[in-house]
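Each residue takes its place number in the sequence, starting with 1. Atoms considered below: every heavy atom in the structure, side chains included; atoms not considered: hydrogens, waters and symmetry mates. Because the structure is a prediction, the values reported are computed rather than measured.
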Amino acid sequence: MKILLTGSKGFVGSHLVKKLTAHQVFCLDRADGNDLLTCDLNYDVDLIIHLAGESGIGKSLDHPDLYWQNNVIATKRLFDHFKGTRIMYASSSTAKEPNRNPYAMTKYTLERLAPQTSTGLRFCTIYSNSQQRPNMFVPRLLRKEIEYIHTNHKRDFIHIDDVCSAITFLMNRDAPGVYDIGTGISTPLKEITDFFDIKCEERIGGENERLCNKADISKLTDFGWSPKIKLFEYLKSQKDLTL
């Protein structure tokens, strides 16, 4: 299969490209000078896996126009150019409550602009201790650099290997629609910091984030897919390595 992968040097893309060695993959990433707002899109491919875009809620509050341009306008350019080509695109669990922040609104908008034949991937909280941005929760947790947590927040943490597994599973199926990509288990942040015996400031989270981003993975499990990596088993293995 010939695949165009956008965001190939990002967190998910850099892991996914290693799983696609049986395919001919064309990579596009802004780090290589390929801005999706302007770059050449003349590729003859069977599938688009679109992972490029701006991520993060906090930054979107300060730069909503940047998110609209790089998440909505750039993606619509892909949708318009590759009419008739199957597209899988990165959405987010935040799209379920788009009024909370500009990032969520861009993902909500994409789901409504997407072709009916496309597959939307509503990622929950993806984690790893490899190649993830160092300011994300799990890497900071493993370094014991958690300054505060929101005690009213629960997160559905899914390991990057399970994310790649879900993507490759869906790319081999005729599965249009939008799919939650998570574990179906939501864990309070305080339960995780207690597991590591980390003492930090406890706050109540504001209105800009969802309180719980638990995935509904029933459509995926009905197809025969399920996540393999359990959060606390992974954290314990990493914790033991640091002892």
| message | Using the rule given for ring-ring contact (aromatic ring centres under 6.0 Å, His included), can you reason through Phe79 versus Tyr89, listing the C-alpha separation, both sets of side-chain angles and the distance that settles it, and then say yes or no? | response | CA-CA 10 Å; Phe79 290 162; Tyr89 65 94; 5.8 Å; yes
For residues [X] and [Y], is any side-chain donor paired with an opposing acceptor at under 3.5 Å?
X: Asp32; Y: Asn34; answer: no
X: Thr125; Y: Asn213; answer: yes
X: Glu111; Y: Ser91; answer: yes
X: Ser186; Y: Asp156; answer: no
X: Glu54; Y: Asn71; answer: no
X: Trp225; Y: Ser165; answer: yes

| field | Steps toward side chain to side chain contact (heavy atoms under 4.5 Å, CB included) verdict (Arg122, Val178) | value | CA-CA 7 Å; Arg122 274 186 185 160; Val178 178; 3.5 Å; yes
[X] side chain near [Y] side chain, heavy-atom distance below 4.5 Å:
X: Thr85; Y: Asp46; answer: no
X: Leu113; Y: Thr75; answer: no
X: Asn152; Y: Arg203; answer: no
X: Ile3; Y: Tyr43; answer: no
X: Leu170; Y: Met88; answer: yes
X: Leu4; Y: Leu47; answer: no
X: Val17; Y: Cys27; answer: yes
X: Met105; Y: Asn99; answer: no

Backbone N/O of [Y] and side chain of [X]: donor-acceptor pair under 3.5 Å:
X: Arg173; Y: Phe169; value: no
X: Asp194; Y: Asp197; value: no
X: Thr119; Y: Gly177; value: no
X: Tyr103; Y: Ala95; value: no
X: Ser60; Y: Ile57; value: yes
X: Asp180; Y: Gly182; value: no
X: Asn70; Y: Gly53; value: no
X: Lys190; Y: Glu202; value: no

Identify whether [X] and [Y] are in the same connected component of the hydrophobic contact network (ILVMFWY, side-chain heavy atoms under 4.5 Å).
X: Leu28; Y: Leu20; result: no
X: Phe196; Y: Leu231; result: yes
X: Ile49; Y: Ile126; result: yes
X: Leu66; Y: Leu36; result: no
X: Ile181; Y: Leu5; result: yes

To the nearest 0.5 Å, what is the distance between [atom1] on [X] and [atom2] on [Y]?
X: Thr187; Y: Lys214; atom1: OG1; atom2: NZ; value: 10.0 Å
X: Thr168; Y: Leu16; atom1: OG1; atom2: CG; value: 7.5 Å
X: Arg112; Y: Thr109; atom1: CZ; atom2: OG1; value: 8.0 Å
X: Phe223; Y: Ile217; atom1: CZ; atom2: CD1; value: 13.0 Å
X: Gln69; Y: Asp35; atom1: CD; atom2: CG; value: 9.5 Å
X: Ile87; Y: Thr117; atom1: CD1; atom2: OG1; value: 7.0 Å

Taking everything shown except [X] itself, do over 12 heavy atoms lie less than 6.0 Å from its [atom1]?
X: Lys96; atom1: NZ; value: yes
X: Asp174; atom1: CG; value: no
X: Glu207; atom1: CD; value: no
X: Lys230; atom1: NZ; value: no

| message | Between Glu145 and Arg140 (salt bridge meaning N to carboxylate O under 4.0 Å), is one present in this structure? | response |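 No salt bridge links Glu145 with Arg140.
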| said: If the threshold is 4.0 Å, N to carboxylate O, is there a salt bridge linking Asp44 and Lys2? | reply: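 The answer is yes: the pair qualifies as a salt bridge.
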| task | Compute the ring centroids of Phe195 and Phe232, then answer whether they are less than 6.0 Å apart. | result | yes
| remark: Note: Pro102 and Leu61 closest approach over all heavy atoms is CD-CD2, 3.6 Å
| request: Provide the closest heavy-atom pair for Asn42 versus His81 in the form atom of the first, atom of the second, distance. | output: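 Closest approach of Asn42 to His81: OD1-CE1, 3.7 Å.
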| said: Testing Lys154, Arg155, Arg100 one by one against Glu209 for a salt bridge (Lys or Arg N to Asp or Glu O under 4.0 Å), which residue passes? | reply: Arg155
Measure up the [X] and [Y] rings against each other and bin them: parallel (under 30°), tilted (30 to 60°), perpendicular (over 60°).
X: Phe11; Y: His15; answer: perpendicular
X: Phe137; Y: Phe157; answer: tilted
X: His159; Y: Tyr127; answer: perpendicular

| request: Please assess Phe123 against Ile167 for the test side chain to side chain contact (heavy atoms under 4.5 Å, CB included), listing each intermediate value before the final yes or no. | output: CA-CA 10 Å; Phe123 297 130; Ile167 295 173; 4.0 Å; yes
| message | Between Val138 and Ser128, does the side chain to side chain contact (heavy atoms under 4.5 Å, CB included) criterion hold? Intermediate values first, please. | response | CA-CA 7 Å; Val138 167; Ser128 173; over 6 Å; no
| message | Please evaluate residues Met171 and Met1 with respect to the criterion side chain to side chain contact (heavy atoms under 4.5 Å, CB included), reporting the C-alpha separation (whole Å), side-chain torsions for both, the decisive distance (0.1 Å), and the verdict. | response | CA-CA 10 Å; Met171 66 178 263; Met1 187 185 298; 4.1 Å; yes
